[in-house]
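Just below is one structure, and these are the notes that go with it.
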2 protein chains.
Amino acid sequence: MDALAALAEPTRRRIVDVLRVRECTVSELVAAVGMSQPAVSKHLRVLREAGLVTAQTRAQQRVYRLEPGPFRELDAWLAPYRRMWTHHLAELERHLDRKEES
Amino acid sequence: MDALAALAEPTRRRIVDVLRVRECTVSELVAAVGMSQPAVSKHLRVLREAGLVTAQTRAQQRVYRLEPGPFRELDAWLAPYRRMWTHHLAELERHLDRKEES
DNA sequence: ACGGCATATAACCGTCAAGGCATACGGCCG
DNA sequence: CGGCCGTATGCCTTGACGGTTATATGCCGT
């Protein structure tokens, strides 16, 4: 499952939104998203396999943290689309300028 | 279905990637993605309901084009994550600077 | 070494999405 | 007005996903 598909799930978005602030253990994430522990573990597995997070074992806990790579790729994919609104803004500005002239 | 979920589908990504270059009719998209016409129409419906595209009726054809809004929202959601790698780059630079000093 | 804690996996179920085929809608032209 | 072309929708099947409960794994402290 690629990064976009992984992020399509609201719960997983919840998780990465939490991890963006600070790295967390599984139990902390369980508390944060208010769902059963196995469910969270499964989502974490998906996020791991998508390369969005990595886990570091510390004692019996696993500390999850975000991995920038896929987010960069997503940003790169999105980049050409940015032209859409920047271009539109430029058009709008030209339009307003023309109006001022008249 | 929100924009991210809509874009999670490879075929739909294919479609928007085509539409990014230029607006298209349904038959053109069918040819582009190599799938049955009903399948493409269904994907277009999903994209429409997610606000990612709009259709303009021209004779018997419907011309589809991208709509910037959801892409901007996606970009906005992604924005805070950009800090991840920009910050990391800054760290790296500081690290290199320190190395140069010594 | 054993019991317990934190996490992962297994098995199962309900739901839903995606694809195909057949068909309905709607505008154009003869 | 009837038929055709382009597109949308219905129906059906199949496969994948998300959630829960029960159980396995792995590490720690005693």
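In what follows, every heavy atom counts, from backbone to side chain, and hydrogens, waters and symmetry copies are set aside. Reminder, nothing fancy here: chain letters follow the sequence lines and each chain counts from 1.
For A/Leu4 and D/dC17, the CG to P distance is 15 Å, given to the nearest whole Å. For the pair A/Met35 CE and D/dT21 C1', the interatomic distance rounds to 16 Å; values are reported in whole Å. Atom CZ in B/Arg14 sits roughly 17 Å away from atom C1' in C/dA18 (whole-Å rounding). The CD atom of B/Gln61 sits 14 Å away from the P atom of C/dG27 (whole-angstrom rounding). The separation between A/Glu9 atom CD and C/dC16 atom P is 13 Å, rounded to whole Å. Taking atom CE of A/Met1 as the reference point, atom P of D/dG15 lies 17 Å away to the nearest angstrom. A/Lys42 places its NZ atom 13 Å from the P atom of C/dC12, with the value rounded to the nearest Å. The interatomic distance linking A/Leu44 (CG) with C/dA8 (P) rounds to 6 Å, in whole Å.
Relative ring orientation between B/Trp77 and A/Phe71 is described as tilted, the plane-to-plane angle lying within the 30° to 60° band.
Atom CZ of B/Arg45 has 12 or fewer heavy atoms from other residues, nucleotides or ligands within 6.0 Å.
Atoms NZ and OG, from A/Lys42 and A/Ser36 in turn, are 8.5 Å apart once rounded to the nearest 0.5 Å.
Each of D/dT20, D/dT9, D/dG18 was ranked by its minimum atom distance to the side chain of A/Arg12; first place goes to D/dG18. Between C/dG19, C/dA22, C/dT9, one nucleotide has an atom nearer to the side chain of B/Thr11 than all others, and that is C/dG19.
Not one side-chain nitrogen or oxygen of B/His43 sits closer than 4.0 Å to the OP1 or OP2 atom of C/dA17. Within the structure, every side-chain polar atom (N or O) of B/Arg45 is placed at least 4.0 Å from both OP1 and OP2 of D/dA8. A sub-4.0 Å separation between OP1 or OP2 of C/dG20 and a side-chain N or O of B/Ser36 is present. For B/Tyr64 and D/dG6, the shortest distance from a side-chain N or O to OP1 or OP2 is not below 4.0 Å. Remark: A/Ser27 is not in phosphate contact with C/dC5, judged by side-chain N or O atoms under 4.0 Å from OP1 or OP2.
Two residues are said to be in side-chain contact when any heavy atoms from C-beta on lie closer than 4.5 Å; B/Leu19 and B/Arg65 fail this criterion. In this structure, B/Asp75 and A/Trp85 have side chains that are in contact, with non-hydrogen atoms separated by less than 4.5 Å.
Of the possible polar contacts, none joining the B/Gln61 side chain to the B/Arg58 backbone as a donor-acceptor pair under 3.5 Å is found. No side-chain donor-acceptor contact under 3.5 Å links B/Arg83 to the backbone of A/Arg20.
You'll find a donor-acceptor pair under 3.5 Å spanning the side chain of B/Gln37 and the base of D/dA8, going by distance alone.
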Which letter, B, S or -, goes with each nucleotide of nucleotides 24-30 of chain D from 5' to 3', with contact meaning a protein heavy atom under 4.0 Å? --BBS--
